[in-house]
Amino acid sequence: MKNFKTVAALRAFRQEITSKGETLALVPTMGALHKGHLSLVELAKTKADHVVVSIFVNPTQFGPNEDFDSYPRMVEEDSLKLKPLNIAGVFAPSVSEMYPNGYASTVSVSGLTDCLCGAARPGHFDGVATVVSKLLLQSRADYAVFGEKDWQQLQVIRRVNADLNIDCDIIGAPIYRDEKSGLALSSRNAYLSTKELASAETLNVTLRSFAKDIRDGADIDIATADATQKIINAGFNNIDYLECRESESLKRVDQFDPKHPCRVFVAAKIGSARLIDNMAV
Ligand code: PAF
């Protein structure tokens, strides 16, 4: 498994495999890898001849009062987890490699980013769109795999890829859930105490019954109020959003219509962790 630290080294590898007519899949991550990330790698391996995992805690997608400083960084442990998967390499650039002195460009997507995490975390998707554009252009990956847990992020990345003609095949991978509790795996789950973890495990259960109520024709406002109460009762301190939106456009849904696929989305805080989840209605 190669260890790429510079864009030049990654590019040289890309050229080498291109000359042999081979393909590359990229799995962009911020590290602190868990089974969910490893499932993205497994999916990537089914698509391309070579897989590279990028590990970069991207400063531009964190707000001033967010957890950039405390975000877990463990590139060596992450590399050990990746070794058995027989991937081509890890791309773990420094901040100055990704954002050299004088860096002044931002990729910004309008519309899709006005709601959900875009509204709750101003500037977040500019950071994501910028770093993902850079990673896709640096690697010239044929495929890139992203988890559906960050559903809005996936739609934003699809938009950027199409709008900027990056020409990568963007693949969404199903949310990896804890087998027993259904909790969506996240690097931020590491922030949870045992008691908070027990509360966190109720989030997917509430979201599932919220989705079912909507599917069964419940009034969405009433279903939202009911699910909100359950989340607060479970011990969450704050709910950033709990909403039903169209799956692709992310437009708000006022009345369920089986002809238009929609999903329910939640972001809620417990202790110092902000957890997100979503599922199809
Ligand atoms: O989903 C993530 O881990 C990050 O937002 C991503 C896509 C790696 C960009 O930094």
Side-chain angles (χ1 to χ4, degrees), residues 4 7 10 25-41 43-44 51-63 66-75 77-79 81-82 87 89-99 103 105-109 112-113 116-118 120-139 141 143-161 164 166 168-176 184-191 265 267 273-278:
F4 307 110
V7 176
L10 181 65
L26 181 73
V27 181
T29 79
M30 296 207 300
L33 302 182
H34 49 67
K35 285 182 186 162
H37 294 112
L38 304 185
S39 74
L40 304 184
V41 176
L43 179 57
V51 173
V52 167
V53 173
S54 65
I55 298 180
F56 180 63
V57 184
N58 174 35
T60 65
Q61 68 187 74
F62 289 81
E66 294 185 353
D67 55 347
F68 174 67
D69 289 333
S70 58
Y71 199 87
R73 288 164 175 84
M74 42 179 79
V75 178
E77 287 101 311
D78 287 342
S79 298
K81 288 183 191 156
L82 291 169
I87 60 165
V90 169
F91 176 47
S94 62
V95 173
S96 60
E97 179 70 10
M98 288 299 271
Y99 298 108
Y103 187 87
S105 305
T106 299
V107 178
S108 190
V109 178
L112 281 175
T113 58
L116 302 173
C117 284
R121 303 179 68 189
H124 168 68
F125 284 118
D126 285 359
V128 170
T130 302
V131 80
V132 171
S133 304
K134 286 168 69 64
L135 289 166
L136 297 183
L137 294 168
Q138 289 161 350
S139 63
Y143 305 89
V145 183
F146 298 87
E148 289 181 351
K149 183 163 87 62
D150 296 290
W151 183 271
Q152 185 178 20
Q153 167 173 284
L154 180 60
Q155 306 315 310
V156 169
I157 291 167
R158 286 193 198 286
R159 189 74 263 157
V160 173
N161 181 57
L164 302 187
I166 296 178
C168 180
D169 195 343
I170 306 294
I171 295 159
I175 299 177
Y176 194 98
L185 262 56
S186 161
S187 304
R188 289 190 168 97
N189 292 352
Y191 299 151
F265 297 87
R274 179 180 183 275
L275 304 182
I276 61 170
D277 200 348
N278 71 88

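Every number for a ligand or one of its atoms is a count from 1 in the order of the listing.
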Aromatic ring pairing Phe62/Tyr71, orientation class (parallel under 30°, perpendicular over 60°, tilted between):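 Taking Tyr71 first and then Phe62, their aromatic rings stand perpendicular (interplane angle over 60°).
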
Parallel, tilted or perpendicular, as decided by the 30° and 60° cut-offs, for the rings of His37 and His34: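 Geometry flag for His37 against His34: tilted rings.
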
Can you sort out which atoms of ligand 1 are near [X], meaning under 4.0 Å from one of its heavy atoms?
X	result
Thr29	8 (C)
Val131	9 (C), 10 (O)
Gln61	4 (C), 5 (O), 9 (C), 10 (O)

Nearest heavy atoms of Asp78 and Ala32, plus distance in Å: OD2-N, 2.9 Å

For Arg274 against Ala120, the heavy-atom pair lying closest together: NH2-CB, 3.6 Å

Top protein contact for atom 5 (O) of ligand 1, by heavy-atom distance: Gln153 OE1, 2.7 Å

Close N or O approach (Asn58, ligand 1; < 3.5 Å):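 No, no N or O pair falls under 3.5 Å.
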
Enclosure of Arg159 CZ (heavy-atom neighbours >12, cutoff 6.0 Å):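 Result for CZ/Arg159: open.
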
